[in-house]
*Asks:* 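Please read through the structure below; I'll follow up with questions.
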There are 2 protein chains.
Amino acid sequence: MLKISTRCRYGLLAMVELGQCYGQAPVSAQEIFKKQHIPKLYLQQLLVKLRRNGLVESIRGAKGGFILRKDPKQIKILDIVKAVEGPVQLISCTKQNKDKCCSKIKECLTRPVWVELHEVVNKVLNERTLYDLMR
Amino acid sequence: MLKISTRCRYGLLAMVELGQCYGQAPVSAQEIFKKQHIPKLYLQQLLVKLRRNGLVESIRGAKGGFILRKDPKQIKILDIVKAVEGPVQLISCTKQNKDKCCSKIKECLTRPVWVELHEVVNKVLNERTLYDLMR
DNA sequence: TTGATACTTGACAAAAATAGTCATATATAG
DNA sequence: CTATATATGACTATTTTTGTCAAGTATCAA
Ligand code: FES
Ligand code: FES
């Protein structure tokens, strides 16, 4: 059904929250969790992924929390999605990996639609930045 | 990860096969299954869905099989995807159903990206027809 | 120094969706 | 009559998604 996963939605929600406080004090998982009603421990996980992918910085201890490592204008939505979910691949048959999908990729008549979808989705995610979502 | 399901891929593969033989004798599940290496019983299921949604007609008995009910030019890829998978909804918060997604849809800052993705995906699937995929 | 706050890590578990199968029945050509 | 084909609904297995847990580390502030 091509549904956007909660991982993605929560991840982006968290990033928007951090974006709103960019330049200010760190925001704790606690605060995001309360404001957005995201399961706390699940959110923690996502924040760790965002950190490991260099999108946020974590500050431990009391008064700690998370802050963005870059200006929201520099953060593409695609970066966020990739961080929490891995690459956005609508089909598994790529130029490198020719034999995963249908029987014979060379002759696969259906592939063009899926490729087009793949490209259009990645394009949108790659063009929009976190800043575009902030008020 | 927004991966295209096998349901979708197999469904479209089957429809393309039927498209190639449009106007000719019915094509049996057997033939499609052999040509495209789709699990036979799974394919049957998908064909039944396509029939129930009015995309194909089934002819029982020996020399039976499936044929398209419309010209490939009249069949949108979106129709096929809808038939085998249901509506393509990237997010669950629609105009009718305002409270399923994030806490407060009115204030949801992340929604615009997901809506844009949703629209762009539906647009592509709605513009392309089965005919566009045939050689 | 001590306690409260907050992130870290890796494993674990429940739930949902996806992918595929089976048995039984029905229909039709030849 | 028989071989070929679809119809149907239930059933199972696998994978992915969506969380949770426990034990640990780091920092601030009183
Ligand atoms: S080969 Fe990948 S969709 Fe057909
Ligand atoms: S309300 Fe649906 S994405 Fe936020």
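The sequence lines fix the lettering, A, B, ..., with proteins before strands; numbering per chain opens at 1.
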*Asks:* How long is the span from the CG atom in B:Asn126 to the CD atom in B:Glu119, to the nearest 0.5 Å?
*Replies:*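 Interatomic distance, B:Asn126 CG to B:Glu119 CD, rounded to 0.5 Å: 12.5 Å.
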*Asks:* Taking the side chain of B:Arg60 as its heavy atoms from C-beta onward, which of D:dT6, C:dG10, C:dC22 lies nearest to it?
*Replies:*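 My answer, after comparing the listed nucleotides, is D:dT6.
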*Asks:* Using a 4.0 Å heavy-atom cut-off across all strands, classify A:Arg7 as base, sugar-phosphate, or nothing.
*Replies:* base
*Asks:* Using a heavy-atom cut-off of under 4.0 Å over every strand shown, decide if B:Tyr10 touches base, sugar-phosphate, or nothing.
*Replies:*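 It contacts sugar-phosphate atoms only.
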*Asks:* Contact class for B:Gln45 (heavy atom, under 4.0 Å): base, sugar-phosphate, or nothing?
*Replies:* base
*Asks:* Whole Å only: how far is the NE2 atom of B:His37 from the C1' atom of C:dA19?
*Replies:* 18 Å
*Asks:* Would you mind telling me which residue lines up with the more 5' stretch of DNA chain D, A:Gly61 or A:Cys8, judged by nearest nucleotide?
*Replies:*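 By nearest-heavy-atom nucleotide position, the 5'-most residue is A:Cys8.
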*Asks:* Counting side-chain heavy atoms from CB outward, which of C:dT9, C:dG20, D:dT20 is closest to B:Thr6?
*Replies:*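 Selected nucleotide: C:dG20.
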*Asks:* Can you identify which nucleotide, out of D:dT4, C:dT21, D:dT6, has its nearest atom closest to the B:Ala62 side chain?
*Replies:* D:dT4
*Asks:* Do A:Ile77 and A:Thr129 come within less than 4.5 Å of each other through their side chains, counting heavy atoms only?
*Replies:* no
*Asks:* Measure CZ/A:Arg51 against C1'/C:dA6 and give the value in whole Å, please.
*Replies:* 13 Å
*Asks:* Any chance you could measure A:Ile4, atom CD1, to A:Thr6, atom OG1, to the nearest 0.5 Å?
*Replies:*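 If I round to the nearest 0.5 Å, the distance is 11.0 Å.
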*Asks:* D:dA7, C:dT21, D:dG19: which one has an atom nearest the side-chain heavy atoms of B:Ser58?
*Replies:* D:dA7
*Asks:* Tell me which of A:Lys3 and A:Gly65 sits closer to the 5' end of DNA chain C, going by the nucleotide each one is nearest to.
*Replies:* A:Gly65
*Asks:* Heavy atoms from C-beta onward define the side chain here; which of D:dC21, C:dG30, D:dA7 lies closest to that of B:Lys63?
*Replies:*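 When the side chain of B:Lys63 is considered, C:dG30 is the closest of D:dC21, C:dG30, D:dA7.
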*Asks:* What's the closest nucleotide to the side chain of A:Pro39 if the choices are C:dT21, C:dC7, D:dG19?
*Replies:* D:dG19
*Asks:* Base, sugar-phosphate, or nothing: which does A:Ile59 touch, judged by heavy atoms less than 4.0 Å apart?
*Replies:*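 A:Ile59: backbone/sugar contact only, no base atoms under 4.0 Å.
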